[in-house]
There are 2 protein chains.
Amino acid sequence: MTTQKGAEALPLNTIIDGDCIEAMLALPEASVDLIFADPPYNLQLKGELHRPDNSRVDAVDDAWDQFSSFAAYDRFTQDWLKAARRLLKPHGAIWVIGSYHNIFRVGAALQDAGYWILNDVVWRKSNPMPNFRGKRLTNAHETMIWASKSEGAKYTFNYEALKALNEGIQMRSDWVLPICSGHERLKDAEGNKAHPTQKPVSLLHRVLVGSTNPGDVVLDPFFGSGTTGAVAKMLGRHWIGIERDASYREIAERRLSKTRKYDASALEVTAGKRQEPRIPFGQLVERGMLRPGEMLVNTRGQMAKVRADGTLIGDDIKGSIHQVGAHLEGAPSCNGWTYWHFRRDGKQVPIDVLRQQVRAELKGSRAN
Amino acid sequence: MTTQKGAEALPLNTIIDGDCIEAMLALPEASVDLIFADPPYNLQLKGELHRPDNSRVDAVDDAWDQFSSFAAYDRFTQDWLKAARRLLKPHGAIWVIGSYHNIFRVGAALQDAGYWILNDVVWRKSNPMPNFRGKRLTNAHETMIWASKSEGAKYTFNYEALKALNEGIQMRSDWVLPICSGHERLKDAEGNKAHPTQKPVSLLHRVLVGSTNPGDVVLDPFFGSGTTGAVAKMLGRHWIGIERDASYREIAERRLSKTRKYDASALEVTAGKRQEPRIPFGQLVERGMLRPGEMLVNTRGQMAKVRADGTLIGDDIKGSIHQVGAHLEGAPSCNGWTYWHFRRDGKQVPIDVLRQQVRAELKGSRAN
DNA sequence: CCTAGTGCTGAATCATACC
DNA sequence: TGGTATGATTCAGCACTAG
């Protein structure tokens with residue numbers, strides 16, 4: 001283990017009370033191996049939102065997420081990124097997580113500050129909140145940026161460890177992980193969530209296994225509920241948190257005091273179940289395996305036409321392959337995959353053959 | 001079909017030869033429904049960039065040169081985004097695709113130009129190129145940004161069609177689609193790929209089905225191999241391409257001349273209830289489908305009486321079917337059509353059934 | 001003990017036609 | 001133009017209860 005200049009002043013494995021920029025300026029330069037940052041997203045939410053069942057969505061409307069303008073947010077971002085870069089060892093690296101509200105500004109600021117982007121990594125949420133009003137796509141992912149201190153700088157990357165985490169296949173830039181919920185989600189005395197945006201252990205586990213080594217110093221300038229610290233401690237890394245909110249510090253302190261090194265129990269979440277991926281019929285149309293306008297036929301010779309959105313239209317019914325099949329049979333349900341056939345080389349082939357082709361392709365690129 | 005100001009000058013379904021910014025400035029403003037853009041992002045590579053004064057950038061690891069490179073790319077991005085925004089109709093929208101090299105700068109520039117981000121969408125490649133040296137994560141995705149012309153502006157979103165494409169489940173912001181390869185990949189005379197970054201048809205299919213309607217005008221200012229035009233033509237949308245490279249124009253021309261539109265009935269897409277004509281509840285009373293004095297009941301057995309003017313009166317409240325329902329539920333809103341039931345043949349039937357009868361009648365009379 | 005069913009929740013930029 | 005009234009809209013996972 002190397003001795004580093006000023007390292008004796010590093011308050012290892014503690015939570016610093018204060019503003020993240022001031023606190024970082026007070027720490028010795030070039031002393032940290034990895035920074036993981038979950039800054040405010042600047043969501044800019046306006047009114048209230050209700051689910052179709054009329055329950056109210058508990059939005060992130062905390063004061064710490066409010067900025068007067070993009071310019072103000074940019075200034076804040078530039079300032080903390082600069083202070084963070086000063087703290088990094090020459091071979092250190094940074095991860096920043098965000099959503100479309102802020103991540104583009106953060107990414108540009110990272111590049112402008114001299115960091116060198118190594119990957120952008122997409123956290124694909126297996127259970128995101130739907131878009132209740134049907135006005136946009138389900139916002140089902142967040143974006144992380146992984147960057148080294150400067151172009152050409154060395155950085156830690158445990159390729160084999162991540163490959164092993166991924167069942168022997170090279171780890172990709174998209175990670176499918178569930179959001180933090182259930183028992184993992186910290187609650188306050190009243191049973192409400194203790195922090196509005198607690199990150200899952202599984203996410204930090206993958207970050208720290210992939211880009212740090214045991215004994216490294218990991219800093220989180222927006223410590224919040226302390227997931228970064230907890231995972232660092234479990235994995236035998238040193239950690240430093242900065243948090244200005246007393247109630248967040250309190251729950252993080254309690255959490256860290258109960259966390260044990262190599263406590264793998266919280267990781268069971270990561271080992272997600274693996275099942276046959278669901279292939280929507282529409283994907284066959286998008287991929288050109290079936291053309292809009294093409295006719296499908298059942299075993300009795302009845303026909304239906306494929307539409308551009310992956311629905312079928314028959315004589316007096318339109319809907320999914322299953323719905324139209326059920327209607328023609330007068331049955332409550334129908335497996336459209338085996339019911340419908342298309343013509344190829346003069347023969348009738350069930351469309352399920354096409355689904356299997358897609359599955360085979362996906363299997364080749366499995367992972368996650 | 002509506003006549004639009006300056007539309008006679010729109011060169012529909014052609015490829016414009018020239019620089020994208022100049023070409024866009026020459027087109028009539030507010031004339032385009034959708035822009036799909038796949039801008040170049042190799043400008044920051046060594047030797048291809050010029051400083052503002054047009055002197056060449058060579059030492060890329062020099063901090064100033066790096067900044068200069070980004071600045072030049074930013075200026076280029078701002079310029080074409082501004083020209084593009086001028087072309088958009090007030091309810092138009094834009095899609096931009098990129099990778100971590102450029103997408104953060106593009107996203108920030110979009111926001112700064114006044115566009116309003118609706119979603120960022122991750123194209124998750126099912127068969128990406130692996131990272132051969134094992135130095136980083138497999139770069140397995142690209143990012144698209146979907147934005148309206150300004151905050152609060154309307155935009156086209158075919159929610160039900162995308163939901164149908166995804167077999168009845170709301171479409172998410174992460175799309176798993178294969179890269180363009182095999183027969184779909186255009187080859188030149190020597191059998192080499194004709195364009196380095198040809199986008200797959202499946203990607204554009206989803207974009208155009210989701211955010212345009214038949215007859216819309218779709219512009220691609222970086223036309224390349226012409227995937228945008230080809231899919232637009234297949235889907236019965238008008239298209240305009242801008243491309244300055246003669247060899248790309250040539251392969252795109254050939255491609256478009258061979259592309260055929262799907263038949264019209266296949267282009268019809270699942271529509272939502274919002275498209276249905278509005279039926280005032282009072283009309284059911286006028287038509288004698290419900291009698292004044294008749295009692296409606298909710299699922300909890302609570303009753304309200306129908307009045308001659310189409311309002312309801314309950315124990316302590318009178319008003320519309322929606323208002324009385326919301327009051328009884330203590331909810332911010334209520335859909336009275338599904339909330340209230342009437343008795344027919346001893347069974348409780350939602351009044352929405354009556355509305356559907358009226359709509360069916362209207363549809364029949366309109367056809368005559 | 002297991003299974004089925006209910007209820008709750010998650011970083012959300014989540015209306016629009018009509019008068 | 002703004003104010004008002006209509007009425008459309010959700011997926012996965014976990015905790016808990018009932019049987």
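Here is how names work: the chains are called A, B, and so on, in the same order as the sequence lines, proteins then strands, and each is numbered from 1.
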*Asks:* For A:Trp175, does the six-membered ring have the charged nitrogen or CZ of A:Arg124 within the cation-pi criterion, i.e. under 6.0 angstrom from the centroid and within 45° of the normal?
*Replies:* no
*Asks:* How long is the line joining CG of B:Leu162 and P of D:dC11, in whole Å?
*Replies:* 13 Å
*Asks:* Check the distance between C:dG10's C1' and A:Asp62's CG and give it to me in whole angstrom.
*Replies:*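 One finds 14 Å between C1' of C:dG10 and CG of A:Asp62, rounded.
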*Asks:* When the distance from CD1 of B:Ile117 to C1' of C:dT13 is rounded to whole Å, what number comes out?
*Replies:*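 Those two atoms, CD1 and C1', are 10 Å apart.
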*Asks:* Once you apply a heavy-atom cut-off of 4.0 Å, does A:Asn131 come out as touching a base, just sugar-phosphate, or nothing?
*Replies:*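 Since a base atom lies under 4.0 Å of A:Asn131, the category is base.
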*Asks:* Report the nucleotide, chosen from D:dA8, C:dA12, C:dA11, that has the shortest atom-to-atom distance to any side-chain atom of A:Leu45.
*Replies:*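 Between D:dA8, C:dA12, C:dA11, the one nearest the side chain of A:Leu45 would be C:dA12.
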*Asks:* By the 4.0 Å heavy-atom rule, please label B:Gln170 as base, sugar-phosphate, or nothing.
*Replies:* sugar-phosphate
*Asks:* So, under a plain 3.5 Å distance rule, would you say the side chain of A:Arg136 forms a donor-acceptor pair with the base of C:dT13?
*Replies:*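 For A:Arg136, whose side chain was compared with the base of C:dT13, there is a donor-acceptor pair (under 3.5 Å).
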*Asks:* Just checking A:Cys180: base, sugar-phosphate only, or nothing, at a heavy-atom cut-off of under 4.0 Å?
*Replies:* nothing
*Asks:* Rounded to the Å, how far apart are A:Tyr248 OH and C:dA11 C1'?
*Replies:*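 From A:Tyr248 OH to C:dA11 C1': 12 Å.
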*Asks:* Please work out if A:Pro39 contacts a base, only the sugar-phosphate, or nothing of the nucleic acid, heavy-atom cut-off 4.0 Å.
*Replies:*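 Here A:Pro39 touches the bases of the nucleic acid.
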*Asks:* Distance between the P atoms of C:dA11 and D:dA15, in whole angstroms?
*Replies:*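 Approximately 16 Å lies between the P atom of C:dA11 and that of D:dA15.
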*Asks:* Rounded to whole angstrom units, what separation is found between the CD1 atom of A:Ile179 and the C1' atom of C:dC8?
*Replies:*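 Whole-Å distance recorded here is 12 Å.
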*Asks:* Mind checking who D:dT10 pairs with, Watson-Crick or G-U wobble, both distances under 3.5 Å?
*Replies:* none
*Asks:* Quick one: label A:Thr138 by what it contacts on the DNA or RNA (base, sugar-phosphate, nothing), any heavy atom closer than 4.0 Å.
*Replies:* nothing
*Asks:* Is any side-chain N or O of A:Tyr100 closer than 4.0 Å to OP1 or OP2 of C:dT13?
*Replies:*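 True: A:Tyr100 side-chain N/O within range (under 4.0 Å) of C:dT13 OP1/OP2.
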*Asks:* Tell me which nucleotide, if any, is Watson-Crick or G-U wobble paired with D:dC16 when both distances must be under 3.5 Å.
*Replies:* C:dG5
*Asks:* Any base atoms under 4.0 Å from A:His50, or only sugar-phosphate, or nothing? Heavy atoms, all strands.
*Replies:* nothing
*Asks:* Which listed nucleotide (C:dC14, C:dT9, C:dT13) is nearest to the side chain of A:Ser55?
*Replies:*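 Per side-chain heavy atoms of A:Ser55, the pick is C:dT9.
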*Asks:* Does NZ in A:Lys193 sit with more than 12 non-hydrogen atoms of other residues, nucleotides or ligands closer than 6.0 Å?
*Replies:*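 Yes, enclosed.
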*Asks:* Need one value for A:Thr197: base, sugar-phosphate or nothing, where a base atom within 4.0 Å counts as base even if backbone is also close, heavy atoms only.
*Replies:* base
*Asks:* With a 3.5 Å distance limit and no angle check, can you tell me whether A:Asn119 reaches the backbone of A:Val121 through a side-chain donor-acceptor pair?
*Replies:*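 Not at all, since once roles are kept as given, no pair shorter than 3.5 Å links the two residues.
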*Asks:* OP1 or OP2 of C:dG10 less than 4.0 angstrom from a side-chain nitrogen or oxygen of A:Lys193, does that happen here?
*Replies:*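 Affirmative; the distance criterion is met.
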*Asks:* Scan A:Asn42 against the nucleic acid and name what it touches under 4.0 Å (heavy atoms): base, sugar-phosphate only, or nothing.
*Replies:*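 No contact at all - A:Asn42 keeps every heavy atom at 4.0 Å or more from the nucleic acid.
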*Asks:* Within the 4.0 Å heavy-atom criterion, would you say A:Trp64 contacts the bases, only the backbone, or no part of the nucleic acid?
*Replies:*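 Touches a base.
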*Asks:* Would you classify B:Glu276 as touching base, sugar-phosphate or nothing, given that sugar-phosphate means primed atoms plus P, OP1 and OP2, and contacts are heavy atoms under 4.0 Å?
*Replies:*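 If one applies the 4.0 Å heavy-atom cut-off, B:Glu276 turns out to touch nothing in the nucleic acid.
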*Asks:* Under a plain distance cut-off of 3.5 Å, with no hydrogens placed, do A:Thr138 and B:Gln170 share a side-chain donor-acceptor pair?
*Replies:*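 Yes, a side-chain donor-acceptor pair sits under 3.5 Å.
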*Asks:* Looking at the side chain of A:Pro52, which of D:dG7, D:dT9, C:dG10 is the nearest nucleotide?
*Replies:*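 Per side-chain heavy atoms of A:Pro52, the pick is D:dT9.
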*Asks:* Quantified in whole Å, what is the C1' atom distance between nucleotide D:dG19 and nucleotide C:dC1?
*Replies:*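 Pairwise C1' distance, D:dG19 against C:dC1, rounds to 12 Å.
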*Asks:* If you measure from the P atom in D:dG7 to the same atom in C:dC19, how many Å do you get, rounded?
*Replies:* 12 Å
*Asks:* Categorize A:Lys46 for me: base, sugar-phosphate, or nothing, with a 4.0 angstrom heavy-atom threshold over every strand shown.
*Replies:*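 Nothing, no nucleic acid heavy atom in range.
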*Asks:* Out of C:dA11, C:dA12, D:dC11, which nucleotide sits closest to the side chain of A:Arg185?
*Replies:* C:dA11
*Asks:* Under 5.5 Å between ring centres and under 30° between planes: true for A:Phe132 and the base of C:dC14?
*Replies:* no
*Asks:* Between D:dT1 and C:dT16, how many Å separate the two C1' atoms, rounded to a whole number?
*Replies:*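 The same atom, C1', in both gives a distance of 15 Å.
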